[in-house]
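Below you'll find the structure, written out as structure tokens, and then a few comments.
What you are looking at is a predicted structure, and each value in this text was computed from that prediction instead of being measured.
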Amino acid sequence: MKIRKFNRTLRKTSKYNDFILIFLTLILIVFGVIMVFSASYYSALSKYGDAYHFLIRDGVFAVIGIAAMLGVSRIPYRVLRKFAFPFLAAVVFMLLLLFTPLGKTVNGATRWLDLKIITVMPGEFAKLAVILFTASYLTNGRDKLKKAGSVIWLMLVGGLIAGLIMLQPNMSTAVTVVLIMGSIMFVEGLSWKWIGSLLAIGGAAGAAIIIKEGGYKLQRITSFLHPFDDPMGDGYQVVQGLLAMGSGGLFGVGLGKSMQKNLYLPEPQNDFILAIIGEELGFIGIAALMVVYMLLIWRCINITLNAPDRFSMLLGSGVTAMIAIQVLFNIAIVTSSMPPTGVILPFISYGGNAMLVCCIGIGILLNISHYSKLDREE
């Protein structure tokens with residue numbers, strides 16, 4: 001009887017699809033594939049002898065991401081709660097595996113697990129793990145954040161994840177994970193006293209890392225403040241990105257006509273793809289992209305506000321924060337408003353792990369939306 005009831009519910013909810021969220025996500029994914037191809041054409045030709053190398057791979061990532069989004073949207077979000085702790089434990093295990101021979105080092109950072117068939121970036125999946133775990137933990141009982149023990153426990157979990165990610169090193173992902181957890185706690189009602197304390201602890205930890213690493217680390221972190229002082233050194237990527245943005249003007253030089261992607265801007269299809277968008281499509285192109293992002297985030301917030309229960313509300317808050325934080329960080333990095341620390345532009349930047357994680361997040365929101373509409377009808 002339970003199976004029949006579940007099947008009836010599943011058929012009933014199949015008519016509920018948040019087409020606005022799906023449409024906005026697909027716009028970003030398709031636009032991302034186009035821009036990855038445009039940005040990577042010359043670097044792919046130079047490095048691999050195949051101008052379509054990144055286009056083909058990103059197209060595959062996009063298809064897998066869309067399939068994952070639609071698949072996850074069919075999984076009742078309540079089921080995910082059962083896997084919150086096991087998933088977190090699996091991510092911690094994968095982060096530890098980075099320090100074994102399975103870890104793959106690129107440009108001095110060990111962020112990938114080389115499984116021969118595929119490469120996995122545990123830091124990306126840590127974002128989802130933290131969202132699931134925090135939402136599940138805070139739902140187990142009322143007013144948990146009024147108890148010092150609960151806040152300290154979450155701090156320890158977040159500190160463990162962030163610490164393992166920092167060891168790669170990958171400061172941007174570590175900070176993103178901490179901010180995602182903090183956002184969920186804020187939505188749940190974390191007091192300003194605790195917020196101030198956590199900010200102080202985070203600042204002290206950052207200062208300690210800088211002091212330990214010495215003046216060179218500090219110089220690299222602060223190079224974004226004056227990138228043109230060392231245009232061929234620490235400020236090189238930022239300078240090239242700013243030159244690309246400035247060259248685009250109001251309407252851009254035209255799709256596919258960027259000069260900075262011609263081996264001037266390193267890895268233009270990744271973190272600095274926004275600079276290529278600015279050069280080719282100009283201020284108008286970037287403004288249009290930001291409108292799509294704002295509509296997407298607005299839709300995510302709307303779904304979260306109308307979530308049917310506390311767990312789904314906190315879950316939606318975490319996914320929304322994950323997307324919004326990365327968009328803001330990427331814009332800040334490309335415009336030299338914060339250190340260049342490798343934050344992707346969601347759904348746009350090249351990368352299979354990042355695409356998959358973002359699409360799974362949207363799939364979760366779609367499922368929350370399904371049940372919200374079903375509850376309102378009933």
Side-chain angles (χ1 to χ4, degrees), residues 18-41 43 54-55 58-59 61-62 65-66 69 172 176 237-238 240-261 265 267-303 319-338 340-352 354-359 361-362 365:
D18 199 307
F19 289 110
I20 295 176
L21 185 59
I22 293 173
F23 180 65
L24 293 169
T25 303
L26 290 178
I27 286 176
L28 290 172
I29 291 174
V30 172
F31 179 69
V33 172
I34 293 171
M35 289 312 306
V36 163
F37 175 53
S38 178
S40 67
Y41 187 90
S43 60
F54 290 110
L55 171 64
D58 199 53
F61 295 154
I66 293 170
M69 176 182 71
S172 60
T176 301
Q237 190 172 32
V238 174
Q240 298 304 317
L242 291 174
L243 289 174
M245 296 276 282
S247 301
L250 186 61
F251 297 104
V253 298
L255 184 63
K257 297 180 180 180
S258 164
M259 289 298 296
Q260 292 304 115
K261 70 183 180 186
L265 181 63
E267 302 292 336
Q269 71 278 359
N270 292 335
D271 311 330
F272 274 71
I273 195 170
L274 186 65
I276 303 301
I277 295 172
E279 184 180 5
E280 295 190 348
L281 304 180
F283 174 79
I284 298 298
I286 289 183
L289 177 61
M290 293 305 108
V291 168
V292 176
Y293 271 125
M294 286 189 289
L295 290 173
L296 179 79
I297 294 169
W298 163 79
R299 194 62 195 162
C300 293
I301 293 173
N302 185 266
I303 291 171
V319 173
T320 303
M322 177 182 72
I323 295 171
I325 288 168
Q326 291 182 111
V327 171
L328 291 173
F329 274 13
N330 187 270
I331 295 170
I333 288 168
V334 175
T335 57
S336 193
S337 302
M338 68 176 284
T341 52
V343 179
I344 60 100
L345 190 61
F347 307 107
I348 303 292
S349 295
Y350 173 79
M355 177 70 78
L356 182 61
V357 167
C358 288
C359 285
I362 295 296
L365 284 167

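S172 and V343 make their closest contact through CB-CG2, 3.4 Å (heavy atoms, listed as atom of the first residue, atom of the second, distance). A39 and I273 make their closest contact through CB-CG1, 4.3 Å (heavy atoms, listed as atom of the first residue, atom of the second, distance). The two residues S349 and V36 make their nearest non-hydrogen contact at C-CG2, 4.3 Å. Closest of all the heavy-atom pairs between C359 and G65 is CB-O, 3.1 Å. Between G351 and D58 the shortest heavy-atom distance is N-OD1, 4.2 Å. Across C300 and I362, no two heavy atoms sit closer than the pair SG-CD1, 4.4 Å.
A donor-acceptor pair under 3.5 Å links the side-chain atoms of N330 to the main chain of D271, judged by distance alone. A side-chain donor-acceptor contact under 3.5 Å links E280 to the backbone of G256. In this structure, the side chain of S38 does not engage the main chain of I34 through any donor-acceptor pair within 3.5 Å.
The line from CZ of F19 to CZ of R299 is 12.0 Å long, rounded to the nearest 0.5 Å. In this structure, CE in M245 is found 12.0 Å from CD in Q260, a value given to the nearest 0.5 Å. Taking CZ from F31 and CG from L26, the interatomic distance works out to 15.0 Å, rounded to the nearest 0.5 Å. In this structure, F272 CZ and I344 CD1 are separated by 14.0 Å, a value rounded to the nearest 0.5 Å. Here the straight-line distance linking atom CD of E279 with atom CD1 of I277 works out to 11.5 Å at 0.5 Å rounding. Note that the CD1 atom of I303 and the CG atom of L365 stand 5.5 Å from one another [nearest 0.5 Å].
Side chains of I284 and L250 form a contact here, defined as non-hydrogen atoms less than 4.5 Å apart. Contact of the L55 side chain with the S40 side chain is not registered, since no non-hydrogen atoms from C-beta on lie closer than 4.5 Å. Side-chain contact between L295 and V291 is present, with heavy atoms from C-beta onward closer than 4.5 Å. Within the 4.5 Å cutoff, no side-chain heavy atoms of L265 are placed close to those of K261. Counting heavy atoms from C-beta on, the side chains of M355 and I29 come closer than 4.5 Å. For the pair I22/D18, no side-chain contact is recorded, criterion being any heavy-atom separation below 4.5 Å from C-beta on. The closest side-chain heavy-atom distance from I331 to M290 is below 4.5 Å.
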Please step through side chain to side chain contact (heavy atoms under 4.5 Å, CB included) for the pair L24 and L28, ending with a clear verdict.
-> CA-CA 6 Å; L24 293 169; L28 290 172; 5.7 Å; no
Evaluate the side chain to side chain contact (heavy atoms under 4.5 Å, CB included) criterion for residues L289 and L274: first the C-alpha distance (whole Å), next the side-chain angles of each, then the deciding distance (0.1 Å), finally the verdict.
-> CA-CA 10 Å; L289 177 61; L274 186 65; 4.0 Å; yes
After noting the C-alpha distance and the side-chain angles of L345 and Y293, does the key distance pass the side chain to side chain contact (heavy atoms under 4.5 Å, CB included) rule?
-> CA-CA 10 Å; L345 190 61; Y293 271 125; 3.4 Å; yes
Given T320 and I297, is the side chain to side chain contact (heavy atoms under 4.5 Å, CB included) satisfied, shown in steps?
-> CA-CA 6 Å; T320 303; I297 294 169; 4.2 Å; yes
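In Y41, the OH atom is not crowded: 12 or fewer heavy atoms of neighbouring residues, nucleotides or ligands sit closer than 6.0 Å.
The aromatic rings of Y350 and F61 sit tilted relative to each other, their planes meeting at an angle between 30° and 60°.
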